[in-house]
Amino acid sequence: MSATPRLSQVYSPNSSKGQNSPTETQLGESVQPSASSIPPLLGASLSELTQWVQQQEQPAYRGRQLHDWIYQKGARSLSEISVFPKQWREALVDVPIGRSILHYRSEAPDGTVKYLLRLADGHIIETVGIPTDKRLTVCVSSQVGCPMACDFCATGKGGFIRNLARHEIVDQVLTVQEGFGQRVSNIVFMGMGEPLLNLDAVIGAVKSLNQDLGIGMRSLTISTVGIPNRIRQLAQHQLQVTLAVSLHASNQTVREQLIPSARRYPLEALLDDCREYVQLTGRRVTFEYILLAELNDLPEHAVELARHLRGFQSHVNLIPYNPISEVDYQRPSPRRIQAFVDALEKQHIAVSVRRSRGLEKDAACGQLRASRSTQTHQL
Ligand code: SAH
């Protein structure tokens, strides 16, 4: 039996490009760097885990046991895996599974639960569990912070720290599943970060969530503000996930006002790439459209939007703006929202309005983290 597990020879987890490894968190807590350089196991497939246990001179069936303990039983340390021989477990004590630590939890009256999770390097991310009749949807983060700096977004106001690794994405889903004691049915990449700037880790996580946690590809949604060339790259993986594109405007001028990166990715080019996504994958695209009073919610905006989307296999999801403290956009009244819906429907555009969940407190993307990570309140 070899004393040092050689996981890195079996698979290489997604490196977190552009990441820094602070030893101080934003809370001012001092954090020990990970004792081990062995990459975390979470996110690894059954065959990767089986190869790894065999490298440890263990029989192949231990791979299945390890998979079961990590993904079904929620083991946080290999030392918990009581079916493993004692001596081997002791040798594995430094091998990280890659689970986060619950930093803060807040439950809204509608049952929506927001979690702040502390990562191994001390950074805090936000994850949301949203229960509906039969479903449990998890809103996951793909980055710590976000570099896109969209003007209406709390995460964007806080800047970018680093990409998440595959295991850090999978962990969020396991955490919500364990918290609710219910299987997760749907996942939306609508938490902190821009998933297409962290495509390798996001795709690795999507595959793991599908194969290791059994979540259907069609129940996964990747939401993007649009990054040149990346929609095509995603399409080439043929994952059958839903692509949601944060359009938010019916013309280039308003879009640039809200989304700085739109200057380098004209609306027409973005829409062409979305059309290509539909062709390559056979999946329709969802367009997200944040409604900001007076700015993009007039009936003529609806007509302009409909003109762009005519003949396009798509669906428009309207998101009434959740106010954030940094800017003074206004959420439109229910009457204005309905007028926008009516104007789109008149143009034969498939449309829905996103119901705000847990709006009572810190509801908008990144707001909870912004208000809580400066405090030391912990569970
Ligand atoms: N970067 C990705 C995913 C994260 S944001 C993207 O842009 O799509 C997920 C969704 O929440 C996006 O549609 C985003 O525009 C929206 N959003 C961000 N801040 C919001 C706010 N204050 N009110 C309503 N929607 C918001």
Side-chain angles (χ1 to χ4, degrees), residues 112 114 125-128 130 137-160 163-164 169 172 186-199 201-202 205-206 220-228 230-231 234 241-249 254-262 265 270 273-274 277 285-293 295-297 315-332 337 340 352-371:
T112 299
K114 296 188 167 221
I125 54 166
E126 190 170 322
T127 304
V128 187
I130 308 159
T137 300
V138 186
C139 178
V140 293
S141 295
S142 56
Q143 299 182 312
V144 185
C146 183
M148 304 313 292
C150 298
D151 202 35
F152 48 78
C153 176
T155 304
K157 296 288 176 200
F160 173 66
N163 278 338
L164 293 184
I169 299 172
Q172 296 173 58
N186 296 71
I187 294 168
V188 292
F189 282 79
M190 293 184 188
M192 299 163 64
E194 172 44 54
L196 296 196
L197 287 179
N198 188 15
L199 200 53
V202 166
V206 162
L220 283 139
T221 298
I222 295 181
S223 177
T224 178
V225 72
I227 306 293
R230 296 285 168 91
I231 291 177
L234 176 64
V241 294
T242 299
L243 177 67
V245 174
S246 292
L247 208 58
H248 301 329
V254 175
R255 197 157 193 272
E256 281 184 16
Q257 204 178 318
L258 300 173
I259 304 169
S261 64
Y265 197 13
L270 170 61
D273 290 350
C274 293
Y277 185 89
V285 172
T286 297
F287 289 107
E288 292 160 280
Y289 191 101
I290 190 166
L291 281 171
L292 303 161
L295 207 124
N296 68 357
D297 72 335
H315 176 96
V316 174
N317 191 211
L318 300 174
I319 319 173
Y321 168 64
N322 280 333
I324 64 168
S325 57
E326 293 89 340
V327 282
D328 63 357
Y329 294 121
Q330 299 301 315
R331 183 190 182 102
I337 295 170
F340 200 86
S352 56
V353 181
R354 188 175 302 164
R355 193 156 66 93
S356 292
R357 298 292 307 245
L359 187 66
E360 295 73 11
K361 194 161 73 166
D362 302 318
C365 170
Q367 261 179 294
L368 180 65
R369 173 173 171 269
S371 67

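Order of appearance sets the numbers: ligands from 1, and atoms from 1 within every ligand.
- Close N/O approach between Gly193 and ligand 1 is found [any backbone or side-chain N/O within under 3.5 Å].
- Heavy-atom distances between Phe189 and ligand 1 reach below 4.0 Å in at least one pair.
- Among Leu220, Ile222, Leu234, Val241, the single residue meeting the side chain to side chain contact (heavy atoms under 4.5 Å, CB included) criterion with Val202 is Ile222.
- Side chains of Glu194 and Thr224: a donor-acceptor N/O pair is present below 3.5 angstrom, by distance only.
- For ligand 1, the polar-atom distance check finds no N/O of Tyr321 at less than 3.5 Å from any of the ligand's N/O atoms.
- Interface atoms of ligand 1 facing His248, defined by a heavy-atom separation under 4.0 Å, are 13 (O), 14 (C), 15 (O).
- Using a 4.5 Å heavy-atom cutoff, the side chains of Asp297 and Leu292 are not in contact.
- The option from Gly191, Cys153, Pro320, Ser246 that lies nearest to atom 8 (O) of ligand 1, judged by heavy atoms, is Ser246.
- The contact set between ligand 1 and Val225, taken as ligand atoms under 4.0 Å from a residue heavy atom, comprises 6 (C), 7 (O), 8 (O).
- Put simply, no part of Met148 is less than 4.0 Å from ligand 1, judged by heavy atoms.
- With Glu326, Arg331, Met190 as candidates, the residue nearest to atom 9 (C) of ligand 1 on a non-hydrogen basis is Met190.
- Between Arg354 and the options Ile319, Asn322, Ile290, a side chain to side chain contact (heavy atoms under 4.5 Å, CB included) holds for only Ile319.
- For ligand 1, the atoms sitting less than 4.0 Å from at least one non-hydrogen atom of Asn322 are 21 (C), 22 (N), 23 (N), 24 (C), numbered in the order shown with element in parentheses.
- Of all the heavy atoms of Thr224, the ones lying under 4.0 Å from any atom of ligand 1 belong exclusively to the backbone.
- Among the atoms of Pro195, none of the N or O lies under 3.5 angstrom from an N or O of ligand 1.
- Residues Ile130 and Asn186 form no side-chain contact, since every pair of their non-hydrogen atoms from C-beta on lies 4.5 Å or further apart.
- Side-chain contact between Phe189 and Val206 is present, with at least one heavy-atom pair separated by less than 4.5 Å.
- Residue Ile319 approaches ligand 1 through these ligand atoms, each under 4.0 Å from one of its heavy atoms: 13 (O), 24 (C), 25 (N).
- At least one side-chain heavy atom of Glu288 sits under 4.5 Å from a side-chain heavy atom of His248.
- Using a 4.5 Å heavy-atom cutoff, the side chains of Leu247 and Arg255 are in contact.
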